[in-house]
Amino acid sequence: MGALRLGPLLRHVDWDAGDSATLWIEADRPCTAEVRCADGSGGSVHTFQIAGHHYALITVTGLTPDSTTAYEVLLDGLKVWPLPDSRFPASTITTPRAGRPGSTTAPDLRLTFGSCRQAAPPADRRGPHGPDALDTLAADLAADPEAVRPDVLLLLGDQVYADQLSRSTRQWLAARRDLREAPGAQVADFEEYTRLYYESWLDPEIRWLLSTVPSLHMFDDHDVIDDWNTSAAWLAEMRATPWWQERVVSGLMSYWVYQHLGNLSPAELAADPVFEAVRATPDGTDALRAFATSADADPATVRWSYRRDFGRSRLLMVDTRAARVLAEDGRAMLDPAERQWLRENALAGHGGYDHLLIGSSLPWLMPPLVHDAEVWNAALCRGERGPRWARIGENLRRRSDLEHWAAFPASFAMLSDLIEEVGTGPRAPATVCVLSGDVHHAYVAEPRIPSTAQLFQLTCSPVHNSIHTAVKWGFRLGWSRLGRWLGRGFSRHGRTGRPPLSWRRTGGPWFGNQLMTLALSGRSARLRLDQARKGPRLVTVLDRDLTPPR
């Protein structure tokens, strides 16, 4: 008799026909996984196996557009969800109004986003970093069935921390292997990655939330290791260790299973050769391992980025970790194919959408001092001031996490040019927003570009983490007049010149555990920032119209 180990997670909901959705589960054995909805719709599929674990991505068809229906999950005919005696409302699937691409009456969108969530200990909802914003959102929604829910959660990286483990997970690892041997108290293989997902997603509030609000995901460095793909020198050092290959391959395998698959539509899944290969054999481990090994060896052969259209709002979720070009004489945030994909999808149907959202785990616009320091550091590392300064620069890059868009100057200019091109002219959308996390605080920045659209950098982080007081003051300094003056000193030393554009902070910085929500309706956009406070409770600290009349 099968049991549910993890999930269900509601993932892809169709926004064109409004009649299908996918749900992800992990079972404890091979079985047939089935979803039955109260409106008579449903779907079933047999599980596939990876390294002794059993998963299913179930496509539910026949849903009614513009409706909300409760559902159950069954394994081999036995109901396993909702859990017995659950204190949460029924898990539901909500579909938008049926619409066609280019429709002028497309459904509205409420998108909630953030990044950097360390799981709280099971007995302490606050954890070591204060109240968990996602956990608090879940509790609030569960307590009020009439509350307005997000249409989608966008999780922008660091869903799990492979290199910063809880005490209970370290104890679990110590019972499994000798932690005195590398990589020590960090995850080493696929089985250990699964432990991180159990710890994070079995939290009762989070489990219920992810079962009823669709979620889209993208990795950042801690999903594999801090500073992942910072530089060519970093990668060479990691590949020289005896444990790195298994660590990175297992990280990509687990991300593919637990996060990436659910980003894809049923049509994309049907066309995915890796998904087909994994399901075509009783044990898909070798097929997935071969894919992950190839993805690590030649990142340009794999695309983790994806596009989702929500009526007249378009999301381009960009991989800013695995798609990098690391050679110092040609550093780029995105390899040529990824760059072309971003450009083509931003311009495809230009004029046919009202809002363009570019999801990037790493912010495009940073505090000016930080930006100038990263451009300066990139110049040092490529040898502009000689070999000695290049060594100093590499050390600084790793110690200070100098690896955002500014650290790839040509890529920063490319993204800036693309945003200006999309946002200018009679076919421009109402807004172009870059949605980011990573930096453990939140802010709103606006570039000084003479555009038709309203342009924004919207940064929200962390969901559940913290930041040292000294780093808080550093970010505050980075936005100040003094910080700008110091930044010019970096520019002179590195002979880098001024940035190709200027920008200003128009909100924040805010520190704490938090989530941003974009409410898009027609050509209007509204931004809200909610922080988790003691109680726990969510407190709105920003509620702002992003599209005021000109």
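The residues of the chain are indexed from 1 along the displayed sequence.
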Any donor-acceptor pair under 3.5 Å from [X] side chain to [Y] backbone:
X	Y	answer
Thr136	Ala532	no
His46	Cys31	yes
Ser211	Leu9	no

If only side-chain N and O atoms count, and only distance matters, is there a donor-acceptor pair under 3.5 Å linking [Y] with [X]?
X	Y	value
Ser265	Glu268	yes
His129	Ser466	yes
Ser305	Trp341	no
Thr547	Gln454	no
Arg321	Ser361	no
Ser461	Asp438	no
Arg117	Asn465	no
Thr22	His12	no
Ser41	Asp39	yes
Tyr197	Gln259	yes

Next on the checklist: Any carboxylate oxygen within less than 4.0 angstrom of a Lys/Arg side-chain nitrogen, looking at Glu199 and Arg170?
Outcome noted: no
Checklist entry - So, do Arg207 and Leu202 sit near enough that their side-chain heavy atoms are less than 4.5 Å apart? => result yes
Checklist entry - Under 30°, 30 to 60°, or over 60°: which ring-plane class applies to Tyr198 and His53, parallel, tilted or perpendicular? => result tilted
Checklist outcome for this item: Tightest non-hydrogen contact, residues Asp220 and Trp228, listed as O-CE3, 3.9 Å
Item to check | Trp304/His260 aromatic ring centres below 6.0 Å | outcome: yes
Checklist entry - Does the ring center of Tyr193 lie less than 6.0 Å from the ring center of Tyr255? => result no
Checklist entry - For Glu276, does the CD atom sit with more than 12 other heavy atoms under 6.0 Å from it, leaving out its own atoms? => result no
